[in-house]
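The structure displayed is predicted, hence computed values, not measured ones. Only this structure's heavy atoms are used, side chains among them; waters, hydrogens and symmetry mates stay out. Start at 1 and go down the list; that is how both ligands and their atoms are numbered.
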Amino acid sequence: MKKVVFFTDIKKLHEALDYFDIKGFSGKTIPLKLHMGEMRNKYFSKPDLVKCVVDELKIVNAKPFLFDTTVSYPGLRHTKTGYLKLAKMHGFSYEKIGCNVVIDDTGFKVNVEDRDYEVADHLFNATHIFALSHVKGHMQTGFGGAIKNLGMGGVTKETKSKIHKDSKPVYKKDACTFCGVCAEVCPFNALKVNNKSWHLKKHKCFGCGVCVDHCKSNALTNLDMDIQLAIAYAAFACVKDKNVIYLNDVNRIAGSCDCDPFAGPVICPDIGYVISDDIVAVDKASLNLINNVKKDVFIKHNKVDPIKQIKYGEEIGLGSSSYQLIEL
Ligand code: SF4
Ligand code: SF4
């Protein structure tokens with residue numbers, strides 16, 4: 001059973017880290033993987049928290065740097081220079097945090113189950129990683145935590161695009177009964193079903209897979225695989241054979257992700273901090289703690305079941321959802 005530590009006061013971070021092999025990070029250069037927030041988003045993990053983590057890593061003589069990757073859609077985060085500018089605007093700078101900020105745009109191919117995922121250079125080359133993940137809702141995956149932070153945030157923009165593209169639905173007309181269920185459940189209003197006609201508005205489809213899950217006639221499949229499975233595989237590519245500590249910041253829980261400029265409103269009260277050396281356990285515990293306060297809040301808000309990424313993660317050997325919760 002995996003150890004997961006839960007605390008509400010960030011002053012207990014030092015004590016929480018003692019449950020894990022933080023001393024093993026000594027002398028190592030550590031990418032502190034986090035999302036530094038999209039322009040106008042106000043929910044991402046704040047510089048004060050990030051500085052607490054950096055200071056703890058320095059106590060054990062580790063050499064941390066803040067780290068993230070460029071994204072495939074237009075905006076400042078599309079390029080390294082643009083993202084660095086935005087990071088500084090959000091308070092992530094050497095002067096404020098005490099370490100460098102590094103953004104990667106290229107990566108190395110890692111093969112998992114016959115598919116290549118391009119893991120960002122600095123993650124690929126690291127032996128030890130500290131993942132700080134802000135937990136919130138997500139339109140395509142229900143919620144985003146550590147698995148999402150690595151599985152989408154740790155890979156190049158080419159792999160990000162491929163994950164999105166490969167999860168879009170493929171339609172088999174012969175099997176379709178034109179029941180219209182897929183159109184009813186699509187969170188993005190991307191489907192239209194009329195008498196003997198089925199139409200996908202491709203520009204509106206985000207590949208969340210909800211339509212595929214609800215079609216009882218097997219008329220819909222994913223082009224390659226469910227997006228939550230692809231993210232679990234990509235996370236596996238990022239952390240395989242590495243020593244990783246995962247800290248989930250389960251506060252400011254907005255309905256949508258840190259990539260969304262209009263991510264609000266907050267849909268659940270603040271929970272606190274959850275830490276583990278198991279990526280599946282830390283997300284499962286975060287989700288359970290949220291469910292205790294606001295049951296099924298993510299599926300109600302985004303209509304996508306967030307548990308899938310945890311189940312897939314466990315199935316592929318990314319981690320374990322069985323954990324012992326230690327409350328400080
Ligand atoms: S849910 Fe399946 S069977 Fe029903 S309209 Fe959609 S594709 Fe056709
Ligand atoms: S994959 Fe998601 S967004 Fe695309 S059509 Fe299906 S339900 Fe709608």
Kindly assign one of parallel, tilted or perpendicular to the pair F124 and F108, based on the angle between their ring planes and the thresholds 30° and 60°. parallel
For atom 4 (Fe) of ligand 2, state how many protein N, O or S atoms fall inside a distance shorter than 2.8 Å. 1
Hey, what's the ring geometry for F44 with F92, parallel, tilted or perpendicular (30° and 60° as the breaks)? tilted
State the atoms of ligand 2, each with its element, that fall below the 4.0 Å cut-off from a heavy-atom position in P187. 7 (S)
Checking H78, K80, K157 against D105 for side-chain hydrogen bond (donor to acceptor under 3.5 Å, both in side chains), the one that qualifies is K157
Can you give me the closest heavy-atom contact between K23 and D18, atom names plus distance? NZ-OD1, 4.1 Å
Is there a path of hydrophobic side-chain contacts, each under 4.5 Å between heavy atoms of I, L, V, M, F, W or Y residues, that connects L229 with I310? yes
Would T106 and D121 count as having a side-chain donor-acceptor pair, cut-off 3.5 Å? yes
So, H134 versus D258: side-chain donor-acceptor pair below 3.5 Å or not? yes
Under a 3.5 Å threshold, yes or no: a donor from one side chain and an acceptor from the other, between D68 and Y83? yes
Do we see a donor-acceptor contact under 3.5 Å between the side chains of K33 and N149? yes
When you check the space around atom 4 (Fe) of ligand 1, which protein N, O or S atoms turn up under 2.8 Å? C179 SG
Under 30°, 30 to 60°, or over 60°: which ring-plane class applies to F188 and F206, parallel, tilted or perpendicular? tilted
